[in-house]
Undergrad: 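Provided herewith is a single structure, encoded as structure tokens, for subsequent inquiry.
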Amino acid sequence: MQPLARFTVLDLTRVRSGPTCVRQLADWGANVIKIEAPEEIDTGKGLGGDTLGPDYQNVHRNKRGLTLNLKSPEGLAAFKRMVAQADVVVENYRPDVKSRLGIDYDSLAAINPGIVLGSISGFGQDGPYAKRPGFDQIAQGMGGLMSVTGLPGQGPVRAGIPVADLTAGLYCAIGILVALLEREQSGRGRWVHTSLLESMVAMMDFQATRWTMKGEVPKQAGNDHPTTIPTGLFRTRDGVINIAGGGGEMWRRIVEVLGIEAEAADPDLATDALRSQNRAKTNAVIQAKLETDDGAKWVAKFNAAGVPCGPVYSMDQVFADEQVKHLGLAWPIQHPELGSIDLVRPPMQLAGAKPSTRPTPARGQHTEEVLREFGFDPLEIAGLRDKKAI
């Protein structure tokens, strides 16, 4: 049995942050029911893009699909009947939608005191921005990430992935697991909620506490590390590599690998503090030597000396790398329409447990199967269909 197989999750999420949260549970065996509106109610593709595309297939895997019209009395009643037997509900509606539908935490806890409700919003469940629509890039800007990303003087730059969406999903999943652990002692569930903004500020980590503790406003440092020198992106004869250096022993190793003892004797480079003050000069000394040989040779030499160093890959090169292959990060799934496809394996490994490999369901693919499991008889299911509740 998989680690989370005892938990049933009702998934009302859309797009990315919420599905990312639910995926953490689904991958490890939770019984996840993806609930969507019937096609008669939502005639478009729905939110999240092409349902057979790589994004949708990766984010909604390991679920079963149920259609349910929560705006109809019959559909809402069916949902609440399912809540009575579930462990977790996850949603990423705007904060006011839950109350309007009657599926806020108090309403759900009245049905099932042990229910855990996970909610993700753009800016929090209350406060002056609570009703604003949330979007990843908005949170990247408001959380400070764009102000420190990019080259010095370039102006704000967004990250190349939806960091706020992804981290909000991860933090919500952690909160849900904490609430489930607590429930084993208390017998009661909790409302777990986070937002894109909260998650983005939290992910700023040391850049955030540079301000909160020392009053420093972090600036763009480009490919250089903002505080650890020399750490950054360097050109070699045939491309670029990353070196993660620093002071003390690490600096001595870099000097030795590069054979730049004479250059390192410059008084401007004598101490960690001086190298920090003279970052450009420090980097120039390293850069000049690196351009005399190929990147792969420098990567091998630095790693042999215990200096973190690696290539800079495009995505095709990532999955061609021997360590990525060894780790099995390209994760084969058999899909009924697409055949064998490779998604990305969950990055954590649990000794003795394997993640689920169920393909993303089509809309409503398992409606009758799921309803039967929740105790609906054939006449009730037919009645829900007649009422266009499923």
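Both backbone and side-chain heavy atoms feed into the values below; hydrogens, waters and symmetry mates do not.
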Undergrad: So which pairs with a foot in residues 77-93 pass salt bridge (Lys or Arg N to Asp or Glu O under 4.0 Å), sequence neighbours left out?
TA: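 Matches after skipping sequence neighbours: R81-E380, D87-R183, E91-K98.
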
Undergrad: Under the ring pair (Phe, Tyr, Trp, His ring centres under 6.0 Å) rule, what pairs show up with a residue in residues 211-253, not counting sequence neighbours?
TA: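 Qualifying pairs: F206-H225.
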
Undergrad: What I want to find out is whether D136 reaches R16 closely enough, with some N-O distance under 4.0 Å, to be called a salt bridge.
TA: no

Undergrad: Indicate whether the side chain of D96 and that of S99 have a donor and an acceptor atom separated by less than 3.5 Å.
TA: no

Undergrad: Regarding R64 and N31, do their side chains bring together a donor and an acceptor under 3.5 Å, going by distance alone?
TA: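 Distance-only check passes for R64 and N31.
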
Undergrad: Is there side-chain contact between I286 and K289, with at least one heavy-atom pair below 4.5 Å?
TA: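 With C-beta onward as the side chain, the pair stays apart.
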
Undergrad: Tell me, do I120 and C21 make a side-chain contact under 4.5 Å, heavy atoms counted?
TA: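 Contact flag for I120/C21 side chains = yes.
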
Undergrad: So L108 and D104, do their side chains get closer than 4.5 Å, heavy atoms only?
TA: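 No, too far: nothing below the 4.5 Å cut-off.
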
Undergrad: Say whether S199 and T194, considering side chains only, have a donor N or O and an acceptor N or O under 3.5 Å apart.
TA: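 Per modelled atom types, S199 and T194 side chains form a pair under 3.5 Å.
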
Undergrad: With a 3.5 Å cut-off and no angle check, do the side chains of R158 and Q137 form a donor-acceptor pair?
TA: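 Q137 and R158 do have a side-chain donor-acceptor pair below 3.5 Å.
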
Undergrad: Check for me, please, whether L145 and I161 land in the same ILVMFWY cluster - side-chain distances under 4.5 Å, paths through other members count.
TA: yes

Undergrad: Looking at side-chain heavy atoms only, is the closest gap between L151 and V157 below 4.5 Å?
TA: no

Undergrad: I'd like to know whether F135 forms a side chain to side chain contact (heavy atoms under 4.5 Å, CB included) with D165, so could you lay out the CA-CA distance, the side-chain angles of the two residues, the decisive distance to 0.1 Å, and finally the verdict.
TA: CA-CA 8 Å; F135 193 81; D165 278 340; over 6 Å; no

Undergrad: If only side-chain N and O atoms count, and only distance matters, is there a donor-acceptor pair under 3.5 Å linking Y56 with D50?
TA: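 Absent: no donor and acceptor within the cut-off.
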
Undergrad: Show, in sequence, the C-alpha distance, side-chain angles and deciding distance for I341 and L338, and conclude whether the side chain to side chain contact (heavy atoms under 4.5 Å, CB included) test is met.
TA: CA-CA 7 Å; I341 58 174; L338 299 172; 3.7 Å; yes

Undergrad: Could you walk me through whether R275 and N278 pass side chain to side chain donor-acceptor pair (under 3.5 Å), step by step?
TA: CA-CA 5 Å; R275 287 190 293 274; N278 298 288; over 6 Å; no

Undergrad: Test K325 against E322 for salt bridge (Lys or Arg N to Asp or Glu O under 4.0 Å), laying out the working first.
TA: CA-CA 5 Å; K325 287 182 176 180; E322 60 182 355; over 6 Å; no

